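Following: one structure in structure tokens, then a few remarks.
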Amino acid sequence: MSANEQQNAVSSKVDFLDAAFIRNPYPVYAEARKQDPVTRILLPNGEFAWVVTTFEDVTAVLTDARFATSLSHEKALLEDVPPHKAIVYRNLSSVDPADHRRLRRLVQKAFTPRMVEGLRGRIEDIASGLIDRIEEKGEMKLIDDFAFPLPINVICEMLGVPSEDQNLFREWSDTIMEGVHHPELAEKSDQTLIDFVEYLKRLVARKRSDLRDDLISELIRVEDQGDTLTEHELYAMVFVLIVAGHETTVNLIGNGILALLEHPDQKELLQNNPELIRSAIEEILRYDGPVEVTNARWATEDLILQGKHIKKGDMVFTALSSANRDQLLFPEPDRFDITRDVNNHLAFGKGVHFCLGAPLARLEGEIAISMLLRRLPNLRLKTDRGNMDWRRGMIIRGLKEIPLLF
Ligand code: HEM
């Protein structure tokens, strides 16, 4: 293949529409890391993009300011941005560095490990209440009965969102996440964004007239005091906290329980040594983390990465799931080992957009998985993974449902 052909060759294997790839992308990523570490792909919506697969390159891209997440670099959106999209797309994860620092500072203090540790008792109560409901049944749907309600309850309580509205978010955020770069689902996703934004407007208006001791009220107070948060920024912040605050943790619990049940020796080890839960959570995040690729980055100038010419305006995705199986960093990367000393995985990203909710996600994961194994010690899969459906979409990695017996 000539250098030019190699530069423009599109991977037929890294295919976010292909059911086999979605089910198990790891062998494809392993080959890409060896043969073509900066892979050119065709997105489901027909656009070209780059996918970066090695630990070193993923780290480099996420910490290099020449790769921006900001909306102003997204060509497609610049041309014609529907107002509801413009509002929520300008959230913490996709704003220019100056705005990013200001917005992140405003919410950071609610998510420090110390503040989050204060939620432990409440998270345990919610988890325990969910298990009470199914304990007598002998079987459960892990996602519906437990993994979804736990984090959505927690983030909604933190924000001060009424509990009766929580179910709306599941469908809304599932649809929105699945619609990312996916043409068939884009229309439904756009309509859902409109409904979500309209809901946020009503919610903020209600809160404004009844300020309480919750995060949305706190953000409104900040806005009133120093003109530091515009009305649209407030909607965008609540949006990103609701979506990021549960979509991912659901799949930390789901992918984690799946990995443990498929590796009975590791499950038993954890049941006999509950103090291993912290390293177990880190290994779950490394082995099968909930965020497969990060949000898109846009190259702000022409540059070369692993011999590939990335042009200004090109879209670049970093495959965290691939970086976390890079054998240069993690010996025997495909082995699930809860005693592994992993302190450098990239499941929460890297650089300025490093996950704001990491301490909360870790605590929720620890409580959820420890409690499931303690209270339902005979937990087992009702069917094998071949009979379960994976979620569509390129960002989130997780099963739609995991039926369990106990
Ligand atoms: C296991 C669960 C979670 C995982 C694996 C995860 C992963 C990530 C990753 C990879 C990013 C960076 C994305 C990028 O660079 O494009 C991120 C950002 C973010 N996450 Fe999480 N997340 C989790 C849970 C949470 C929770 C519980 C919250 C709660 C509020 C949260 C809030 C956020 C926010 C607000 C950002 C954007 C931060 C910024 O741009 O400054 N996440 N998360």
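Keep in mind that this is a model prediction, so the values were computed, not measured. Hydrogens, waters and symmetry mates play no part in the numbers below; they use all other heavy atoms, side chains included. As the structure lists them, so they are numbered: ligands from 1, and atoms in each ligand from 1.
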With a 4.5 Å limit on heavy-atom distance, are the side chains of I155 and F169 in contact?
->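 They are not in side-chain contact.
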Mind checking whether [X] has an N or O less than 3.5 Å away from an N or O of ligand 1?
| X | answer |
| --- | --- |
| T294 | no |
| H100 | yes |
| H353 | yes |

Any donor-acceptor pair under 3.5 Å from K382 side chain to P403 backbone =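 Pair absent, no side-chain N/O of K382 close to backbone of P403.
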What is the distance from atom CG of L43 to atom CE of M394, rounded to the nearest 0.5 Å?
->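 Rounded to the nearest 0.5 Å, the CG-CE separation comes out at 5.5 Å.
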Identify which of [options] has a heavy atom lying nearest to [atom].
| atom | options | value |
| --- | --- | --- |
| atom 26 (C) of ligand 1 | P290, A244, A361, G351 | A244 |
| atom 14 (C) of ligand 1 | R362, Q108, R297 | R297 |
| atom 19 (C) of ligand 1 | C355, S94, A347, A296 | C355 |

Using non-hydrogen atoms of the residue, decide whether N251 is closer than 4.0 angstrom to ligand 1.
->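 Outside the 4.0 Å threshold, so no.
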What protein heavy atom sits nearest atom 36 (C) of ligand 1, and how far away is it?
->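 Going atom by atom, the protein heavy atom closest to atom 36 (C) of ligand 1 ends up being L356 N, 4.1 Å.
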Qualifying residue for side-chain contact (heavy atoms from CB on, under 4.5 Å) with I277, from R362, E366, E282 =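 The option that passes is E366.
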F317 and F67: aromatic ring centres closer than 6.0 Å?
->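 Ring centres of F67 and F317 not closer than 6.0 Å.
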